[in-house]
Amino acid sequence: MKYWLMKSEPSVFGIDALSAAAKKTSPWDGVRNYQARNMLRDQFTIGDQAFFYHSSCKEPGIVGIVNVVKAGYPDFTALNPKDSHYDPTSTPENPRWYMVDVCLKEHFKRVISLDELRRHESKELSGMLLLRRGNRLSITPLVTAHWQFIVSLV
DNA sequence: GCCAACGTTGGC
DNA sequence: GCCAACGTTGGC
């Protein structure tokens, strides 16, 4: 069982959209970065947990917890010419991009903001990848201690 | 394999 | 909208 942090822009796909989905479950699609792709494809397993992080919005931060309910499989949005994440270099025989399915487990009553996380950067959350300068990776692993500390903030 | 140019991310 | 940081592309 591993812990992750997954970023999404709420204007594109936020926690409310996941909450409104059937069974509160949805593919986490559209990841088009090789490092993140490799994690989705090779490291995500059923039962892993992830923080849902809202980026590029008024109050960036963690808004909830999701469970991984389906491990890595080919991202079908890459095969659809009508989709904004279409990638002509990906084929059914040789899929380039991968996704997982997530199910909403907890929708926090408040946002654990980036600002708040930063206040613990030099101590409890030291080394957390999200807080690294210039980090743009949309999926990052979390050590257990960081996961537990953030849960304790909720 | 180098690296300049370009595109994207994401906080502010 | 700005811009720093990073990833990708493609010529050489």
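Chain identifiers are assigned alphabetically (A, B, ...) following the order of the sequence lines, protein sequences preceding nucleic acid strands; residue numbering begins at 1 within each chain. Values in this document were obtained by computation on a predicted structure and should not be read as measured data. Computed from heavy atoms alone, side chains included, the values below leave out hydrogens, waters and symmetry copies.
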Query - Carboxylate-amine/guanidinium contact A:R32 A:D75, below 4.0 Å - result: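 Answer for the salt bridge query: yes.
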
Requested in this report: Could you tell me which residues satisfy side-chain contact (heavy atoms from CB on, under 4.5 Å) with A:S19, sequence neighbours excluded, listed by chain and number?
Outcome: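 If we apply the side-chain contact (heavy atoms from CB on, under 4.5 Å) test to A:S19, skipping adjacent residues, the hits are A:K24, A:L104.
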
Query raised in the report: When you look at A:D48 and A:T45, which way does the side-chain hydrogen bond (donor to acceptor under 3.5 Å, both in side chains) test go after all the steps?
Result: CA-CA 6 Å; A:D48 286 359; A:T45 53; 3.0 Å; yes

Report summary line: Tested for ring pair (Phe, Tyr, Trp, His ring centres under 6.0 Å) against A:W28, the lone hit among A:F44, A:Y98, A:W4, A:F52 is A:F52

Query raised in the report: Taking A:H85 for the side chain and A:F76 for the main chain, is one N or O donor matched with an acceptor at less than 3.5 Å?
Result: no

Query raised in the report: Does A:I15 offer a backbone N or O that forms a donor-acceptor pair with the side chain of A:H54 under 3.5 Å?
Result: yes

Query raised in the report: Which angle, rounded to 10°, do you find between the first-five-pair axis and the last-five-pair axis of the helix from B:dG1-C:dC12 to B:dC12-C:dG1?
Result: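 Overall, the helix from B:dG1-C:dC12 to B:dC12-C:dG1 bends by 10° from one end axis to the other.
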
Query raised in the report: If you look at every strand shown and take non-hydrogen atoms under 4.0 Å, does A:Q35 touch a base, only sugar-phosphate, or nothing?
Result: sugar-phosphate

**Report entry** Segment of DNA chain B, first to last nucleotide, that comes within the 4.0 Å heavy-atom reach of chain A
**Finding:**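 So the outermost contacting nucleotides come out as B:dG7 to B:dG11.
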
Query raised in the report: Between A:W97 and A:Y73, is the ring centre distance below 6.0 Å?
Result: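 Ring-ring flag for A:W97/A:Y73: false, centres at least 6.0 Å apart.
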
Requested in this report: Measure across A:T25 and A:K23 and return the closest heavy-atom pair with its distance rounded to 0.1 Å.
Outcome: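 Closest approach of A:T25 to A:K23, heavy atoms only: OG1-O, 2.7 Å.
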
